[in-house]
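To start, the structure itself, in structure tokens.
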Amino acid sequence: MERRTRTHGRARMCRGVLGLLLAGGVLLTGCSGEGTGSKSSASDRRGAPAPAPAATGPAAESGAKDGAKEPDDAKKGDGLKESAPPDYLSTFALDVDTASYGYARRTLADGRLPGPRTVRPEEFVNSFRQGYRRPAGNGFTVSVDGARAGAGGGDWSLVRVGLATRAAPSSAERPPAALTFVVDISGSMAASDRLGLVKTSLGILTDELRDDDSVSLVTFSDEAKTVLPMTRLRDHRGRIHDAVDSMEPADSTNVGAGVRRGYEEAVDGHREGASNRVVLLSDALANTGETDADAILERIGSARREYGITLFGVGVGSDYGDALMERLTDKGDGHTTYVADEEQARKVFVDQLPAHLELTARDAKAQVAFDPKTVEKFRLIGYEDRKVADEDFRDDSVDGGEVGPGHTVTALYAVRLRDGASGHVATATVRWLDPTSRAAHEETGAVETGAVEGRLWGGRSTRLQVTAVAAYFADALRGGGLPGAPGLGELASRAKTLAASTEDESVAKLATAIGRADRLRGGRGDTGTGTGEGEMD
């Protein structure tokens, strides 16, 4: 379905943050044991664009969105309009992309700071294990925890809201896959860390796939061609390896031609009951033909809608078209990751393969209502370009995010409670469609003030601390401003300590990346506090 949720630019950041915040509340319903919650499945509640249950109170009831028409009774007796109260409702599409963090690490390793516009905090956070409880079947569990941000954060807290799908099946248990690889062989891909890495990745995957899986191979430079039609693995692995090895760099980059040819091959080789995916491997530096993601995807819209073929993007290269790849996969009902070396290739194409191939939820959206009686202001960290209009939450023609097995989605919020506040903080709802029947389901829960009273640093949850470090790091790279944010030097130190306590190599790599950023920025760091009530800019 057409994706109408993504709106780039900081001008819309405030609205997107709010939606996420509210969604976070949804996730707040808890397997952590710190909050109370209830849940419901609503396969019959389709189409009506009414908001999810919201917190009670005048501010929540009368909050207005930008551009919304005010009722006549909103005017004062002298004919002047009253100022709109703060908005405590937020709606957003779920996102499992991790490419932003992978590309930032690669850029820092090359001795450069990543561009602020390529930094998406949610993709930093979602790159790390969270330890949430998982459901037995399709759908989501919701969990919540939080903590005081520390002395530097004053009376601010961090609230972590998390969604988890069922555990990823083993390779033997997953459905068969029908994969069309669309490989960029343009001149910019000539380096060993680009086309060479793509060949290595596809070689690894060819050995990993099962005999009942199928693959086809399309290459593109200034034009696209089919190198291998859809072929069952069985006794043809050697043939597939030969096709992969035959790829050589050519001329310019016509991404549009490659994607169109790839979808044509995917339709020709479509298999009922299989995971049908187009896998785009590219540095996404389009310079020939159609270069706009919306226009590219519009031309193959019927293949996506009628056959349910999704797009998985694998980014490579030190110079990388992050914005184009992200937009393509969002509109293609898929997600994006980034591969910098063979170790990461094995992680994506071996360890995480079922999560990248199968879907457990389509068009997943979340909506959260913060209670204005207890919450003074809040800020969602990231997700600005995943905003969904509140009234579109239950409109299933409006696109959300696609999520596979083994995935977790985390939304982290900076929240300031009112003085002496106690009780209800937020009510949240997550809605998704079954990938096969397209039936709608929902889970709803709530969180209380007691869930966010402990200390963050040195507290009982090391995973919450890792999440906080990742989010603060991303925020610093794109300009900072979060209340209580430590400087990069302190973040690097905390990451090293957490790496030792968790024995998690990925956290050690996070510490290294933060240290590099700190040196490149000369050891400086800023913090912010924010003003006003409701959602913060």
Side-chain angles (χ1 to χ4, degrees), residues 1-6 19 23 26-27 39-52 91-97 134-142 163-166 168-169 174-179 263 266-267 270-278 297-298 300-312 328-335 354-367 386 388-407 409 428-444:
M1 77 179 49
E2 290 298 325
R3 192 172 281 274
R4 305 185 324 188
T5 64
R6 192 167 288 276
V26 172
L27 308 177
K39 62 183 180 180
S40 63
S41 178
S43 59
D44 58 342
R45 297 159 68 182
R46 301 176 62 101
T91 309
F92 67 100
L94 303 192
D95 190 356
V96 298
D97 290 355
R134 295 185 180 276
N138 285 351
F140 296 90
T141 56
V142 294
L163 293 172
T165 56
R166 60 178 168 81
R174 64 169 173 80
L179 309 178
Y263 270 86
V267 169
H270 182 268
R271 292 175 58 187
E272 291 293 336
S275 298
N276 293 272
R277 285 219 157 186
V278 171
L297 271 296
E298 183 179 357
I300 49 85
S302 61
R304 292 161 44 227
R305 291 188 295 269
E306 294 174 19
Y307 292 90
I309 299 169
T310 56
L311 180 62
F312 175 38
L328 281 171
T329 55
D330 282 344
K331 287 185 67 64
D333 294 338
H335 63 284
H356 294 311
L357 298 184
E358 190 182 350
L359 288 181
T360 58
R362 282 188 178 271
D363 295 320
K365 292 173 279 191
Q367 189 171 80
R386 300 299 283 157
V388 174
D390 294 339
E391 62 270 21
D392 288 338
F393 177 62
R394 291 196 177 101
D395 182 349
D396 296 330
S397 68
V398 175
D399 203 13
E402 279 62 46
V403 186
H407 277 131
V409 179
T429 303
V430 60
R431 181 181 178 89
W432 72 95
L433 304 183
D434 182 273
T436 302
S437 69
R438 298 296 178 122
H441 301 274
E442 294 184 1
E443 294 282 348
T444 299

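Given the structure is predicted, the values throughout are model-derived calculations rather than measurements.
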Would you find a donor on one side and an acceptor on the other, under 3.5 Å apart, between the side chain of [X] and the backbone of [Y]?
X      : Y      : result
His270 : Tyr307 : yes
Thr165 : Gly404 : yes
Arg134 : His407 : yes
Asp95  : Ala93  : no

Note to self: Asn138 vs Thr436, test: side-chain contact (heavy atoms from CB on, under 4.5 Å). Steps then yes/no.
What the structure shows: CA-CA 11 Å; Asn138 285 351; Thr436 302; over 6 Å; no
To the nearest 0.5 angstrom, please state how far the [atom1] atom of [X] sits from the [atom2] atom of [Y].
X      : Y      : atom1 : atom2 : value
Trp432 : Glu443 : CH2   : CD    : 4.5 Å
Asp363 : Asp434 : CG    : CG    : 12.0 Å
Glu402 : Asp333 : CD    : CG    : 4.0 Å

Margin query: Can you classify the ring geometry of His356 versus His335 as parallel (below 30°), tilted (30 to 60°) or perpendicular (above 60°)?
Written below: parallel
Identify the two heavy atoms, one from [X] and one from [Y], that lie closest to each other, and give their separation to 0.1 Å.
X      : Y      : value
Ser275 : Glu358 : OG-CA, 3.9 Å
Leu311 : Leu328 : CD2-O, 3.6 Å
Ala178 : Arg271 : CB-CD, 4.0 Å
Ala164 : Pro135 : O-CD, 3.3 Å
Gly334 : Asp97  : O-OD1, 4.5 Å
Ile309 : Ala266 : CD1-CB, 3.7 Å

Next item on the list: Compute whether any side-chain donor of one residue and acceptor of the other, for Thr310 and Arg277, lie under 3.5 angstrom apart.
Entry: yes
Item checked: Distance-only polar pair, side chains of Asp390 and Thr91, donor-acceptor under 3.5 Å -> yes
Notebook entry, point to check: Do Leu179 and Leu357 touch side chain to side chain, with heavy atoms closer than 4.5 Å?
Noted result: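 SC-SC contact between Leu179 and Leu357 confirmed.
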Check: Does the side chain of Leu163 come within less than 4.5 Å of Val142's, by heavy atoms?
Finding: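 Heavy-atom side-chain distance check passes, below 4.5 Å.
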Next item on the list: Apply the side chain to side chain contact (heavy atoms under 4.5 Å, CB included) test between Arg394 and each candidate in Lys365, Gln367, Arg431; give the one that qualifies.
Entry: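 Checked Lys365, Gln367, Arg431 against Arg394; only one passes side chain to side chain contact (heavy atoms under 4.5 Å, CB included): Arg431.
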